[in-house]
Amino acid sequence: MLRQQDVGHRIVVRRIVGIREGRTLFSDALGELVELSETHITLSTDAGPLRVPVAEVHRAKRVPPARRPTAAAVVALELAADEAWPAPVRGRLGDWRLRWADGWTGRANSALPVGDPDRPLPAALDAVQRWYAERGGTALVNTPLPLAAPVGAELDARGWTARPPVLVQTVPLRALAGPPDAGLADTPPDADTPPTAGPAGTPPVTLADAPADDWLAIAAGRKGGLPDAARHVLTAVDRVRFAELRIDGRLLAVGRGTVTGEGRWLGVSLLEVLPEARRRGFAVAVVRALAGWGAAEGATRAFLQVEQSNTGAVELYRRLGFTTHHTYLTRVAPAP
């Protein structure tokens, strides 16, 4: 059967669909596993999302991806993502990155174990815990899978827990940079329902090189505050834009775009639409505006990071063409 480590990977599910003349009838489904709970399996398939009750599952297993990214490709994308979300305090253990931003977001306050830490793995993890303890924080380690599976196994042995899996998704930039599609309304990143068709037109999106006060207020509401370290994370990137969609001067939708990874990658983050403005295509308009800017900057692909349990956002991104490149788990050290 499946485990949480299978989230973000291609699976095949054989489900029981009925009984005819005393014989059990089965149907197979192939897709990307986006959620695994005690009661349901949710797949993203070519025909759309499919939610299968566990009671109907006869057999389920992971299958090879159509094309698995190389270890070098995973490392390159993780480093581009690190560059796009820069912690103000940083350290190194060999190739490993240590990041601290006064506790604001897991990405900016975790170790990134890619490459060689220049010491045996147990000693490297001991050093990680000391580094975060010196700053008064709990040690976190982001483990890209399957690249960092050996690190994950050592953390398992030490009793570290795991936060929900995160999907690192990518798409060729040319697939995003066109005008908004009348048949593609957005579902907000915190919604649980699939998108439906919306109006053809949306207001123009403005891209600023610095976030406005109301832009920051929306980000603070989503992330639970905005300390000084957070402002560094948001703005300390050479090429960054802050998307705004306004109606009558009121800010209704925002997003953030960065170009990193030697200019190859557009990173999309902090996509948010106010509740009263959702399901009108605004999120799609923001993403495509950022894509147009990224393409003009020379980027060729876009990436984003989304929790696999956020099925509404995963479905929106799937319809925009994003597919899962790899997943990561944020591992949390046990209390001392």
Side-chain angles (χ1 to χ4, degrees), residues 80-81 83-86 105 171-191 195 198-223 225-226 230-261 263-306 313 316-317 319-322:
E83 185 184 348
W85 201 254
T105 75
V171 67
L173 206 50
R174 63 181 180 273
L176 288 182
D181 184 337
L184 181 60
D186 57 88
T187 298
D190 57 355
T202 57
V205 176
T206 300
L207 300 182
D209 56 10
D213 289 343
D214 49 359
W215 195 105
L216 291 171
I218 292 175
R222 178 172 177 181
K223 293 295 187 181
L226 210 65
R231 293 172 184 261
H232 183 279
V233 171
L234 294 175
T235 62
V237 181
D238 288 339
R239 289 190 278 179
V240 60
R241 288 294 184 272
F242 299 88
E244 306 175 349
L245 187 151
R246 298 177 183 268
I247 295 180
D248 295 329
R250 186 174 179 226
L251 185 60
L252 297 177
V254 301
R256 174 178 176 269
T258 56
V259 172
T260 59
R264 180 188 181 198
W265 288 102
L266 168 75
V268 177
S269 60
L270 289 174
L271 180 64
E272 183 75 10
V273 180
L274 295 189
E276 63 269 30
R278 290 171 181 168
R279 306 186 68 78
R280 295 166 63 182
F282 291 175
V284 173
V286 167
V287 170
R288 285 184 165 160
L290 291 170
W293 168 74
E297 289 288 310
T300 57
R301 296 187 67 83
F303 78 90
L304 54 80
Q305 296 160 313
V306 57
L316 168 64
Y317 300 142
R319 294 186 68 183
L320 280 168
F322 283 90

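When atom types are taken as modelled, the side chain of W293 and the backbone of T258 share no donor-acceptor pair closer than 3.5 angstrom. Put simply, the side chain of E272 never gets that close to the backbone of A219: no donor and acceptor are under 3.5 Å apart. Proximity of a side-chain donor or acceptor of R278 to a complementary backbone N or O of V273 within less than 3.5 Å is detected.
For the atom pair R250 CZ and E244 CD, the distance stands at 14.0 Å (nearest 0.5 Å).
Nearest heavy-atom pair across L252 and A277 is CB-CB, 4.0 Å. Residues L266 and A291 approach most closely at CD2-CA, 3.7 Å, considering heavy atoms. Nearest heavy atoms, G255 versus L290: C-CD1, 4.1 Å. For A80 against W265, the heavy-atom pair with the smallest separation is CB-CD1, 3.8 Å. Nearest heavy-atom pair across A289 and L207 is O-CD1, 3.7 Å. Counting all heavy atoms, side chain and backbone alike, V171 lies closest to G321 at CG2-O, 3.3 Å.
At a threshold of 4.5 Å between non-hydrogen side-chain atoms, the residues F282 and I247 count as touching. L251 has its side chain out of reach of L274: every pair of non-hydrogen atoms, C-beta onward, lies at least 4.5 Å apart. Counting only heavy atoms from C-beta outward, the side chains of V306 and F322 never approach each other to under 4.5 Å. Two residues are said to be in side-chain contact when any heavy atoms from C-beta on lie closer than 4.5 Å; L320 and V284 meet this criterion. Residues L304 and L271 form no side-chain contact, since every pair of their non-hydrogen atoms from C-beta on lies 4.5 Å or further apart. Taking 4.5 Å as the limit, every side-chain heavy atom of F242 sits out of range of all side-chain heavy atoms of L270. With a 4.5 Å cut-off on side-chain heavy atoms, R288 and T202 do not count as touching. A heavy-atom distance below 4.5 Å is not found between the side chains of R246 and T206.
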Side chain to side chain contact (heavy atoms under 4.5 Å, CB included) between K223 and L234, intermediate numbers included: CA-CA 12 Å; K223 293 295 187 181; L234 294 175; over 6 Å; no
Verdict with supporting geometry, E297 and R241, salt bridge (charged side-chain N to carboxylate O under 4.0 Å, His left out): CA-CA 11 Å; E297 289 288 310; R241 288 294 184 272; 5.1 Å; no
Trace of the side chain to side chain contact (heavy atoms under 4.5 Å, CB included) decision for V240 with T235: CA-CA 7 Å; V240 60; T235 62; 5.7 Å; no
